[in-house]
There are 2 protein chains.
Amino acid sequence: MYVPTDQPGHLAPGQFERIAKALSDPRRFAVLEKIAAAECECPYQSLCAHFPVSKATISHHLKELVQAGLVDSERDGQFVNARVRPGVVEAYAAELIRRATGGE
Amino acid sequence: MYVPTDQPGHLAPGQFERIAKALSDPRRFAVLEKIAAAECECPYQSLCAHFPVSKATISHHLKELVQAGLVDSERDGQFVNARVRPGVVEAYAAELIRRATGGE
DNA sequence: TTAGTAGTTCGACAGTTGTATAATCATCTG
DNA sequence: CAGATGATTATACAACTGTCGAACTACTAA
């Protein structure tokens, strides 16, 4: 699975569109927010416990977030932990302002 | 048509989700970018001329951008001009960083 | 008022997407 | 190994959405 690198301040080609898509679904954004709210790591199971959707749906959303580069997902034995990549969020926000305000 | 107010740094309830949706379609974002690239005002006609889609589609995208509060649309006789609201873009970016990075 | 241009709204359709269930893979433990 | 638990993938489907052509509204000019 392709995951863009975390070069600070720079997004890979096509990543900007991918992030915008990933952020557009309210539930998926809520998942991202929940991951961000966790200190350091967020277990997959706590996500499943927190949202009234199936495990498969959480897994799907997590995959989208990872593919967009917004989240890092790491296996720890049986378990999976997720972590936000703040640099990517900030790079997206910066590029959004630059492109959507005419670069003022 | 409801259009959120432009209180600097603050988004109306539900506006965050609406903006995320509005930004998620590549074509619609390209329209926003084109409006932003124009100096001061962007005529509706130049949007129609610039994108290989029908007038109806441009009108639809413009409506979504206006409803999200990202763009201001103003009639000038027969014509319509669009203008980006930079404060809204910046407020969205700021709230995105705050909510998606745990408020670090 | 009539004709013409600019822009919006309507109705429909194809493609996308969030969701669930079931099957599968991965990992741990006895 | 077998069994159990955690997570992903496969398949299917209902809902949503970007798009268009056509009908309609808004404005201008003759």
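If you're wondering where the values come from, they're calculated on a predicted model, not measured in any experiment. Any value given below was found using the heavy atoms of this structure, including those in side chains, with hydrogens, waters and symmetry copies removed. Order of the sequence lines fixes the chain letters, A, B, ..., with proteins taken first and strands second; residue numbering starts at 1 for each chain.
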### Message
Rounding to an integer number of Å, can you tell me how far F79(A) CZ sits from dA7(D) P?
### Response
6 Å
### Task
Just compare dA20(C), dT19(D), dG7(C) and give me whichever is closest to any side-chain atom of V80(B).
dG7(C)
### Message
Show, in sequence, the C-alpha distance, side-chain angles and deciding distance for F29(B) and R99(A), and conclude whether the side-chain contact (heavy atoms from CB on, under 4.5 Å) test is met.
### Response
CA-CA 9 Å; F29(B) 181 78; R99(A) 293 173 64 175; 3.6 Å; yes
### Query
For E74(B) and dG7(C), what is the distance between atoms CD and P respectively, to the nearest whole Å?
14 Å
### Task
Taking all non-hydrogen atoms of both residues into account, name the closest pair between V71(B) and A82(B) and its distance.
CG1-CB, 4.0 Å
### Whole angstrom value for the distance that separates C1' of dT8(D) from CG of L62(A)
11 Å
### Task
Report the distance from atom CZ of F51(A) to atom P of dT19(C), rounded to the nearest whole Å.
11 Å
### Distance in angstrom units between I58(A) CD1 and dT21(C) P, rounded
14 Å
### Query
Starting at NZ of K21(A) and ending at C1' of dG15(C), how long is that distance when rounded to a whole Å?
11 Å
### Task
Indicate the atoms forming the closest heavy-atom contact of P43(B) with N81(B), along with that distance.
CA-OD1, 3.4 Å
### Message
Testing the basics here: between K55(B) and Y44(B), what is the closest heavy-atom pair and its distance to 0.1 Å?
### Response
O-OH, 2.8 Å
### Message
At less than 4.0 Å, is any side-chain N or O atom of S59(B) found next to OP1 or OP2 of dT8(C)? Yes or no.
### Response
yes
### Task
Could you tell me which non-hydrogen atom of A91(A) sits nearest to which non-hydrogen atom of L11(A), and how far apart they are?
CB-CD2, 3.8 Å
## Note on the structure
In whole angstroms, the gap separating C1' of dT17(D) from CZ of R18(B) amounts to 14 Å
### Message
Please determine whether any donor N or O and acceptor N or O are separated by less than 3.5 Å between the side chain of Q78(A) and the base of dT5(D).
### Response
yes
### Task
In whole angstrom, give the distance that lies between atom NZ of K55(B) and atom C1' of dT25(D).
11 Å
### Query
Contacts to DNA chain C from residues 24-45 of chain A, heavy-atom cutoff under 4.0 Å, which residues?
D25(A), R27(A), R28(A)
### Message
For D76(A) and N81(B), find the nucleotide of DNA chain C closest to each by heavy atoms; which residue's nucleotide sits nearer the 5' end?
### Response
N81(B)
### Task
Look at the side chain of A56(B) and decide which nucleotide, out of dA20(C), dA22(D), dA26(D), has an atom nearest to it.
dA22(D)
### Task
Respond yes when some side-chain nitrogen or oxygen of H61(A) is under 4.0 Å from OP1 or OP2 of dT19(C), and no when none is.
yes
### Task
Verify the contact: side-chain N or O of S54(B) to OP1 or OP2 of dG21(D), cut-off strictly under 4.0 Å; return yes or no.
no
### Summary
Smallest heavy-atom separation, A22(B) atom then A68(B) atom, equals CB-CB, 4.0 Å
### Query
Does a nitrogen or oxygen in the side chain of K63(A) sit under 4.0 Å from OP1 or OP2 of dT9(D)?
yes
### Message
Quick one: does any side-chain atom of Y92(A) pair with a main-chain N or O of Q15(A) as donor and acceptor, under 3.5 Å?
### Response
no
